[in-house]
Amino acid sequence: MTADKSNNTAAPVEWRISDAPVAYTDAISYMEQRVEDIHAGRVAEMVWLLEHPPLYTAGTSAEDAELLDPDRFPIYRTGRGGRYTYHGPGQRIAYVMIDLKGRGNDVRGFVHDLEDWIIRALAQFNVIGETFDDRVGIWVRRGAPDNPAMREDKIAAIGVRVRHWVTFHGIAVNLEPDLEHFSGIVPCGIADHGVTSLWDLGLTTSMPELDSALMTAFEDVFKTPLRPI
C-alpha cells in the first residue's frame, strides 16, 4: 500500500465534485497546474470527481488499430498510462492528485490502492470487483463459473500519470453510461471481454450514492481525512 497506515495526522485531502460536465482540455489544464502547486507546497492534495462529455482518450500505449470509429467522438491524446478508453455522462471520473513523496514513492503501490479503493466502493453495493494479472482495471464476473456463458466485464478503468512524484489522472467507474459508446474503440486494448456498469448489473445507484461510497472507501484505503470543497 502506498498510504502510510500509521499516520493518523495526515493533512486532509480536498474533495471536489463538479456538477456540470467538464471539458477534457479544461480538466487537463487544471490538473497540470494543480500538480505543480502541490509539488511546490502551495495547495493541498485533491480528489476531483466529475463527468466529461462523450469522448475517447488515448493513453501512452494506445494503438491506432484500437480506434474503430475515429469520427464518432472527439479524441484526445494524453500522457496517462494505458490505451484507449471512453468517457461520458453517467461515468464517475475521479482525478487523484496526491504527493507520493510522503507515501513511499511507490507508484505500483499507489495503483494497487486505487484498485482497492474501487473494489471497496463497489462492495458497498454488494458488487464484487476483481483484478486480473493479465489485464488492467476492475472486473465483474457475469454468470456462474460452471456456465459456458460466464464472462468477465469491465466496470472501472485506471490510468495514472506522475510528475514530480505527484499523481494525476485516476479512475473511471461506470455508473450508467451509454455502454454502446464503448463500441467505437477496443477498450483498454482488450477485445475478448465486455464492459458493464452498475445499472447494467441491475442496480439503480445514484451518482451521489456512488460518490458517498467512494469517499468512505478512500478514507479507509488511504487513511487520510477528506475535506469537501
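Below, all heavy atoms of this structure are taken into account, side chains as well, without hydrogens, waters or symmetry copies. Here the structure is a predicted model, which means the values were calculated and not measured.
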When rounded to the nearest 0.5 Å, the distance separating CG of Leu214 from CE of Met207 is 9.5 Å
Once rounded to the nearest 0.5 Å, what's the spacing between atom CG of Leu210 and atom OG of Ser206? 8.0 Å
Does NZ or CZ of Arg135 lie under 6.0 Å from the centre of the six-membered ring of Trp139, at an angle within 45° of the ring axis? yes
Which pair of non-hydrogen atoms, one from Gly137 and one from Thr131, has the smallest distance, and what is that distance? O-CG2, 3.9 Å
If you round to the nearest 0.5 Å, how far is CG of Leu203 from CD of Glu176? 11.5 Å
Between Ser18 and Trp48, is there a side-chain donor-acceptor contact under 3.5 Å, judged purely by atom types and distance? yes
When rounded to the nearest 0.5 angstrom, what is the spacing between OG1 in Thr167 and CZ in Arg103? 8.5 Å
Could you point out which residue of Glu45, Glu14, Glu219 forms a salt bridge (charged side-chain N to carboxylate O under 4.0 Å, His left out) with Arg227? Glu14
If only side-chain N and O atoms count, and only distance matters, is there a donor-acceptor pair under 3.5 Å linking Ser212 with Glu209? no
Are any non-hydrogen side-chain atoms of Asp134 and Phe132 less than 4.5 angstrom apart? yes
Close side-chain approach of Ile171 and Ile138, heavy atoms under 4.5 Å: no
Between Glu130 and Glu152, is there a side-chain heavy-atom distance shorter than 4.5 Å? no
Distance flag, aromatic centroids of Tyr84 and Tyr56, threshold under 6.0 Å: no
About how many Å separate CZ of Phe73 and CG of Leu67, when rounded to the nearest 0.5 Å? 12.0 Å
Classify the side-chain pair Thr60/Arg161 by whether it contains a donor and acceptor separated by less than 3.5 Å. no
If you look at every heavy atom in Asp113 and Val221, which pair is closest and at what distance? O-CG1, 3.7 Å
same_hphob_cluster(Val127, Met215) at 4.5 Å side-chain heavy-atom cutoff: yes
Would the distance check show the side chain of Thr216 and the main-chain N or O of Ala213 forming a donor-acceptor pair, the cut-off being under 3.5 Å? no
Measuring only between side-chain heavy atoms, which start at C-beta, is Trp15 closer than 4.5 Å to Leu49? yes
What one should report as the nearest heavy-atom pair of Leu68 and Ser183 is CD1-O, 3.7 Å
Side chain to side chain contact (heavy atoms under 4.5 Å, CB included), that's the test. Do Ile75 and Leu55 meet it? Break it down for me. CA-CA 6 Å; Ile75 302 161; Leu55 57 91; over 6 Å; no
Check whether any side-chain heavy atom of His181 lies under 4.5 Å from a side-chain heavy atom of Asp178, and answer yes or no. yes
Which donor-acceptor pairs under 3.5 Å do the side chains of residues 89-101 make with protein atoms, sequence neighbours left out?
unit_1, atom_1, unit_2, atom_2, d
Gln91, OE1, His87, ND1, 2.8
Gln91, NE2, Tyr86, O, 3.1
Gln91, NE2, Asn174, OD1, 3.0
Arg92, NE, Asp211, OD1, 2.7
Arg92, NH1, Leu50, O, 3.1
Arg92, NH2, Asp211, OD1, 3.4
Arg92, NH2, Asp211, OD2, 2.9
Tyr95, OH, His52, NE2, 2.8
Asp99, OD1, Lys101, N, 3.0
Asp99, OD1, Lys101, NZ, 3.1
Asp99, OD2, Lys101, NZ, 2.9

4.5 Å side-chain heavy-atom contact, Val43 and Arg34: yes
Is there side-chain contact between Ile158 and Ile118, with heavy atoms separated by less than 4.5 Å? yes
For Gly129 and Leu122 the tightest heavy-atom approach is CA-CD1, 4.3 Å
Grouping I, L, V, M, F, W and Y whenever their side-chain heavy atoms are under 4.5 Å apart, do Ile155 and Phe218 come out in a common cluster? yes
Among Arg80, Arg83, His169, which residue meets the side-chain hydrogen bond (donor to acceptor under 3.5 Å, both in side chains) test with Thr57? Arg80
In terms of hydrophobic clusters joined by side-chain contacts under 4.5 Å, are Val47 and Ile17 together? yes
Let me confirm one number: the OG1-CD distance from Thr205 to Gln124, rounded to the nearest 0.5 Å. 10.5 Å
Locate the shortest heavy-atom distance separating Ala157 from Thr85; write the atom from each residue and the value. CB-OG1, 4.3 Å
Looking only at non-hydrogen atoms, find the nearest pair between Pro54 and Pro74 and report the distance. O-CD, 3.6 Å
Should Arg142 and Asp200 count as an ion pair when the cut-off is N to O under 4.0 Å? yes
Any salt bridge between Arg151 and Asp153, counting N to O under 4.0 Å? yes
Can you list the steps and then say if Arg163 with Glu36 is a side chain to side chain contact (heavy atoms under 4.5 Å, CB included)? CA-CA 8 Å; Arg163 181 182 297 164; Glu36 295 299 324; 3.4 Å; yes
Can you confirm whether Leu114 sits close enough to Val160 that some side-chain heavy atom of one is under 4.5 Å from a side-chain heavy atom of the other? yes
Would a distance-only check, ignoring hydrogens and angles, find a side-chain to backbone donor-acceptor pair under 3.5 Å from Thr224 to Phe222? yes
Could you walk me through whether Trp117 and Asp220 pass the side chain to side chain contact (heavy atoms under 4.5 Å, CB included) test, one step at a time? CA-CA 8 Å; Trp117 177 28; Asp220 287 345; over 6 Å; no
Do Val22 and Tyr76 belong together in a cluster built from hydrophobic side chains that touch within less than 4.5 Å? yes
Hydrophobic clustering (ILVMFWY, side-chain heavy atoms < 4.5 Å, transitive) - are Val111 and Val13 grouped together? yes
Derivation of the side chain to side chain contact (heavy atoms under 4.5 Å, CB included) call for Thr78 and Tyr24: CA-CA 10 Å; Thr78 181; Tyr24 190 74; 3.3 Å; yes
